[in-house]
Enquirer: 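Please read through the structure below; I'll follow up with questions.
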Amino acid sequence: MQNLLHNLNPEQLAAVTLPAQSALILAGAGSGKTRVLTTRIAWLIQTGQVSPGGILAVTFTNKAAKEMQARLSAMLPINTRGMWIGTFHGLCNRLLRAHYRDAALPQTFQILDSQDQLSAIKRLLKQNNIDDEKYPPRNLMYFINSAKEQGLRPHEVDAYDDFNRKFVQLYEMYEQQCQREGVVDFAELLLRTYELLSRNQPLREHYQRRFSHILVDEFQDTNDLQYKWLKLMAGQHGAVFAVGDDDQSIYAFRGANVGNMMAFERDYNVQNLIKLEQNYRSHGHILDSANCLIAHNSKRLGKNLRTDAGHGEPLRVYEASSDLQEAQWIIEETKSLIGEGMSRSEIAILYRSNAQSRVIEHALFTAGIPYRVYGGQRFFERAEIKHAIAYLQLMDNPHNDSAFLRVVNFPTRGIGARSLEQLQDAARQYGISLYAAVAYVAGKAGTSLGGFVKLIESARFETQNLPLQEMVKVVLERSGLMMHYQSDKDGADRIENLEQLVSAAMLFVSEEGFGIDTPALAGPKAQAVAGAGITTADGVEIVDADAPLHTVMSPLSAFLSHASLEAGDNQAQVGQDALQLMTVHSAKGLEFDAVFITGLEEGLFPHENSQQEQGGLEEERRLMYVAITRAKKRLYLSFSQTRMLHGQTRYNMKSRFLDELPDECLKWLSPQVQHRWFGHTAKAAWDDAPQAGANAIAQQFSGKDIGWKAGETVFHQKFGEGVIVNIEGGGGNARAHINFGRHGMKLLDLGVAKLQKVTNA
DNA sequence: AAGTAGAATCTTTTT
DNA sequence: GATTCTACTT
């Protein structure tokens, strides 16, 4: 016991050892959140308050779930494999497999990832001759997902106008299509499980009894359905231990509702609210800046981070003349950090949007500095992998039309649009899947399609007794995928990926406890483990969904779920010591010795699209808060006067977030190019000057030229600071478009408007 | 039926 | 600027 709890600070200790009641832990950035969560579980088990089977720990990402599992294994002398630790979606998948009949799903139901879902929607629209200009597939997808995330089925959605009614109708048709095909999307996993448990009393009560302790990570990221799901799981007596940070809520755009934290406090009458405010990550100036920035938000539960570390270095702020020069500056600074002995992997370069990485990558590449970009394409999202998976999907569930269409003519086997049209007509006529409809198509089309069906069937027959990895191997050959990429001159990488799929299958099978000799199609062992089952009042035997996957599904089904739920690594070349490039979103949860936050410009960060959204600015500010709190020792902030975006040069003003940081924490670095336009370089002693000094207004220039140039920052009595975007006309009647940020774009007569030059740094 | 040229679009992202 | 989708050609 002693060793479990030692080194916890008073708040952490209080949280870990709370009585078995619901609690809300407000865990600030770098306050030891994961440690509290895992120690809480270990403590509950070690003190005998709960058995491992009584714990349900829910996370959002597979990474977080794995980390929790790993830490627990280190803390406890028991096998943590049997514990229910996973993502919302992973846990739902497991439950639905075990209770597939009650959930009205085929045993081999398959999971659509977002790509699959979008193509399913496009197919639906095309099939029903619906104008996708008027009803864009993306919007429909968003509509469907947000309805599901609120727990709403089509008939429950408020259809307030004709347009909306059409969406509702399409939502209904989409559902029918999914049901027919035996596929579920991500939101459906949650909703189906929720409905299963709310309708089935014995089942619900069984799980409610079982899970006496429910622990939730990143609670601020839960959506409405996830909140309802948790509530249902907990029942009247379950203790929910929710850990989160309202200031780090940055996923509202995908349905997360910070309001769930307040709702939780109210609904559960939470007596135990503990704030973890002691930060173990960042130096003082960095933390003070973060606190000061986030204080500008109004809707907060209230929290202020503190540290025992000293002030440390000031935040260095740099104004570049262009995005290229910003990248150049980053390189100079990283070189000097590396020179000081910092390792490259401890330096992160953050940006608001992916488009910004290109310039930086180019500069790093030219300079020969190794770097790693996060957020690229992931393993299971690669086209060749998706193709291979589609063959496997058809072998497990031939009614998956998406999978059918993906590979029916890939590699090409002479089945074109006309044959498929015929097939789709037949399928529609009989209300069956494309695969089943093949039998009804006659003539030449029928022959080539029949060949495809034979291919799938014989592949299934040949591999029925083979373990998964062998099955994958056979499928790669029999499908012709290997051959196809072998004859492709740029196919080498794809071949390599396909070979990696075989290793992935092998690894999966051994890690998930299937045994590497188990046939891929062997049914779940759950039925055999009768002891785990319970019998309900009406005599129905319930086979309990035990934690390990092999008790509820076949290796193939499990692997296919895995491919959808865990798209794999999205980081390139792991291993070598490289700079870390990523968006601010993907940096959440990580920490680095040194962090660069780049592109701090109005329109970029905060992003212009956030202005229209309710609460958009506050979310952007939380995003900035997340970015700042990633840094341990050094923080660099930069913005640029000009930037190439979407093939156009943009002139942005510096981000308002820079103005929201305390002057005494900042050190403005001298700009190099500020006054080159006027033939001389102002070399003020700015190096150590705080912002106020650097913001000094330069004297007005007079002379023959009009004295203004695009990209310059100016000051206007009424509109404040703005950036000249372009100048039209000349001499006495020159006019300029000036971007005043919050006040919008203005067209001003340069002869009339009383503008002052601003040389802000 | 398959490959190629022009047009539209473009925050953030996990499951 | 770069990708992705549609329309057109062969």
Side-chain angles (χ1 to χ4, degrees), chain A residues 58-65 86-93 111-119 122 126 132-133 136-138 142 145 148-149 184-191 217-218 221-223 225-226 249-256 323 350-359 361-362 374-378 380-381 383 409-421 444-445 448 561-568 570 582-589 599 603-613 616 619-620 622-624 626-627 643-649:
Chain A
V58 197
T59 64
F60 277 86
T61 65
N62 294 296
K63 198 174 150 205
T87 63
F88 277 102
H89 296 84
L91 296 167
C92 286
N93 181 40
I111 301 165
L112 301 180
D113 65 23
S114 336
Q115 264 180 67
D116 301 334
Q117 188 188 14
L118 187 62
S119 56
K122 283 181 182 165
K126 196 166 259 175
D132 61 359
E133 303 253 297
R138 287 191 168 281
Y142 179 78
N145 288 342
K148 289 189 182 186
E149 278 159 12
V184 296
D185 58 46
F186 289 134
E188 185 71 25
L189 280 172
L190 266 297
L191 184 51
D217 189 20
E218 306 279 15
D221 288 339
T222 52
N223 63 35
L225 180 57
Q226 286 159 336
S249 162
I250 55 173
Y251 287 112
F253 70 90
R254 65 178 200 215
D323 45 355
L350 309 184
Y351 33 81
R352 171 70 242 262
S353 67
N354 283 305
Q356 289 166 252
S357 77
R358 256 201 52 246
V359 179
E361 282 186 66
H362 181 78
Y374 284 70
Q377 207 181 29
R378 307 161 86 201
F380 285 105
E381 285 168 356
N409 198 34
F410 191 93
T412 53
R413 41 178 77 90
I415 299 170
R418 287 234 336 234
S419 310
L420 287 177
E421 231 165 84
K444 202 170 147 227
S448 49
S561 305
H562 167 80
S564 306
L565 291 177
E566 209 167 332
N570 65 0
M582 66 192 85
T583 63
V584 180
H585 279 93
S586 30
K588 188 173 162 214
L604 246 193
F605 198 1
H607 198 277
E608 53 202 354
N609 294 8
S610 71
Q611 307 234 282
Q612 283 87 328
E613 288 158 30
E619 175 138 328
E620 294 288 308
R622 290 193 293 269
L623 198 49
M624 180 68 182
V626 168
R643 181 176 298 278
M644 275 294 257
L645 203 68
H646 307 324
Q648 284 186 321
T649 305

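Naming convention: chains lettered A, B, ... in sequence-line order (proteins, then strands); numbering from 1 in each chain. On a predicted model such as this, the values are computed, not experimentally measured, just so you know. Side chains included, hydrogens not; waters and symmetry mates left out as well; all remaining heavy atoms used.
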Enquirer: To the nearest angstrom, how far is A:E381 atom CD from B:dT13 atom P?
Expert: 12 Å
Enquirer: Indicate whether OP1 or OP2 belonging to B:dT12 is found under 4.0 Å from a side-chain N or O atom of A:N609.
Expert: no
Enquirer: Think A:T87 has a side-chain N or O under 4.0 angstrom from the OP1 or OP2 of B:dT14?
Expert: no
Enquirer: To the nearest Å, how far apart are A:R138 CZ and B:dT13 P?
Expert: 14 Å
Enquirer: For A:N145, enumerate each residue passing the side chain to side chain donor-acceptor pair (under 3.5 Å) test, keeping only those at least two apart in sequence or located in another chain.
Expert: A:Q117
Enquirer: On a whole-Å scale, what distance lies between the P atoms belonging to C:dT4 and B:dT13?
Expert: 16 Å
Enquirer: For A:R358 and C:dG1, is the shortest distance between a side-chain N/O and OP1 or OP2 below 4.0 Å?
Expert: no
Enquirer: If you check the A:T583 side chain, which of B:dT13, B:dA2, B:dT15 turns out closest?
Expert: B:dT13
Enquirer: Between A:H585 and A:Y251, what is the ring plane arrangement, given parallel below 30°, perpendicular above 60°, and tilted in between?
Expert: tilted
Enquirer: May I ask you to say what A:D221 touches in the nucleic acid, namely base, sugar-phosphate or nothing, with a heavy-atom cut-off under 4.0 Å?
Expert: nothing
Enquirer: Nearest whole Å is fine: how far is B:dT12 P from A:Y374 OH?
Expert: 18 Å
Enquirer: With a 4.0 Å cutoff (strictly under), does any side-chain N or O of A:R378 reach OP1 or OP2 of B:dT15?
Expert: yes
Enquirer: With the six-membered base ring of B:dT12 as reference, does the ring of A:H585 sit under 5.5 Å away with planes under 30° apart?
Expert: no
Enquirer: Report yes if a side-chain nitrogen or oxygen of A:N354 is closer than 4.0 Å to either non-bridging phosphate oxygen (OP1 or OP2) of B:dT13; otherwise report no.
Expert: yes
Enquirer: A:F253 has a side chain; which of B:dT13, C:dC5, B:dT11 sits nearest to it?
Expert: B:dT13
Enquirer: What I want to find out is whether A:R622 reaches A:E619 closely enough, with some N-O distance under 4.0 Å, to be called a salt bridge.
Expert: yes
Enquirer: Can you tell me whether the side chain of A:S114 and the base of B:dT15 have a donor-acceptor pair closer than 3.5 Å?
Expert: yes
Enquirer: Pick base, sugar-phosphate or nothing for A:S419, based on heavy-atom distances below 4.0 Å to the nucleic acid.
Expert: sugar-phosphate
Enquirer: Distance check needed: B:dT13 P versus A:N62 CG, whole Å only.
Expert: 17 Å
Enquirer: Does A:R254 come within less than 4.0 Å of A:D221, counting only side-chain N to carboxylate O?
Expert: no
Enquirer: Can you tell which of B:dT14, B:dA2, B:dT11 lies closest to the side chain of A:H607?
Expert: B:dT11
Enquirer: Can any side-chain N or O of A:N62 pair as donor or acceptor with the backbone N or O of A:L565 at less than 3.5 Å?
Expert: yes
Enquirer: Ring of A:H646 versus six-membered ring of B:dC10: centres under 5.5 Å and planes under 30°?
Expert: yes
Enquirer: Do we see A:Y251 stacking on the base of B:dT13, given a limit of 5.5 Å between centres and 30° between planes?
Expert: no
